[in-house]
Amino acid sequence: MNEELGITIGTEARAARQHLGLTQAEVAERIGLVHPVYNRLERGKMLPSVPSLYRLCRELRVSPEKLMGLTATGDVRKDTREKPKKEEDAPELRRLLHLARKLDAEDLAALLHVATALAR
């Protein structure tokens, strides 16, 4: 394993995950890994498979070049993390939506009631 590449991928994945306001467990579940394996990936102790790298890039909304610390030409680049562009992109809202999708109809209705009351 290329240790430097593993550390770079792990560092970039952690930064992107935190930027999105997600937990390691949430990202692991979304990309089809168990939490301990994803934890090892973020610590730079392992490299992801190509399919896992693809799913990770899609879920964290980063390019493979960004995740590996490269530019499109293969040169190392500096960190240029983007901020959310719209209110809907706020990490808290994305996390709330992800959790809401897991609720059954009754719990979802209760959540909607609470949110409506809080918004008044």
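All figures in this text were calculated on a predicted structure; none of them were measured in a lab.
- Atom NE2 of H35 is separated from atom CD of E26 by 10.0 Å, given to the nearest 0.5 angstrom.
- Clustering ILVMFWY residues whenever any of their side-chain heavy atoms sit less than 4.5 angstrom apart, transitively, puts L99 in a cluster other than the one holding L22.
- Open room surrounds CZ on R58; 12 or fewer heavy atoms of other groups in view lie less than 6.0 Å from it.
- Residues V27 and L33 form no side-chain contact, since every pair of their non-hydrogen atoms from C-beta on lies 4.5 Å or further apart.
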Could you list the donor-acceptor pairs under 3.5 angstrom formed between side-chain atoms of residues 103-120 and any protein atom two or more places apart in sequence or on another chain?
from	atom 1	to	atom 2	distance (Å)
D104	OD1	E106	N	3.3
D104	OD1	D107	N	2.8
T116	OG1	L112	O	2.7

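- In this view, L53 and P48, C57, L67 satisfy the side chain to side chain contact (heavy atoms under 4.5 Å, CB included) rule, not counting sequence neighbours.
- The distance from the NZ atom of K66 to the CD1 atom of I9 is 13.0 Å, given to the nearest 0.5 Å.
- For Q18, the side-chain hydrogen bond (donor to acceptor under 3.5 Å, both in side chains) criterion is met by no residue, not counting sequence neighbours.
- For R30, the salt bridge (Lys or Arg N to Asp or Glu O under 4.0 Å) partners two or more places apart in sequence, or in a different chain, are E59.
- Taking both residues in full, the closest heavy atoms of N2 and L47 are given as N-CD1, 4.1 Å, listed atom of the first, atom of the second, then distance.
- Under the side-chain hydrogen bond (donor to acceptor under 3.5 Å, both in side chains) criterion, S52 pairs with S49, R55, not counting sequence neighbours.
- Both V37 and L5 sit in one connected hydrophobic cluster of ILVMFWY residues. Membership requires side-chain heavy atoms under 4.5 Å apart, directly or through other members.
- Among all heavy-atom pairs drawn from L60 and A16, the shortest one is CB-CB, 4.0 Å.
- To the nearest 0.5 Å, the span separating OG1 on T23 from NE2 on H98 amounts to 7.5 Å.
- M68 is not connected to V50 by any chain of hydrophobic side-chain contacts under 4.5 Å among Ile, Leu, Val, Met, Phe, Trp and Tyr, and they are in different clusters.
- Take R14 and apply the salt bridge (Lys or Arg N to Asp or Glu O under 4.0 Å) test, not counting sequence neighbours, and it matches E42.
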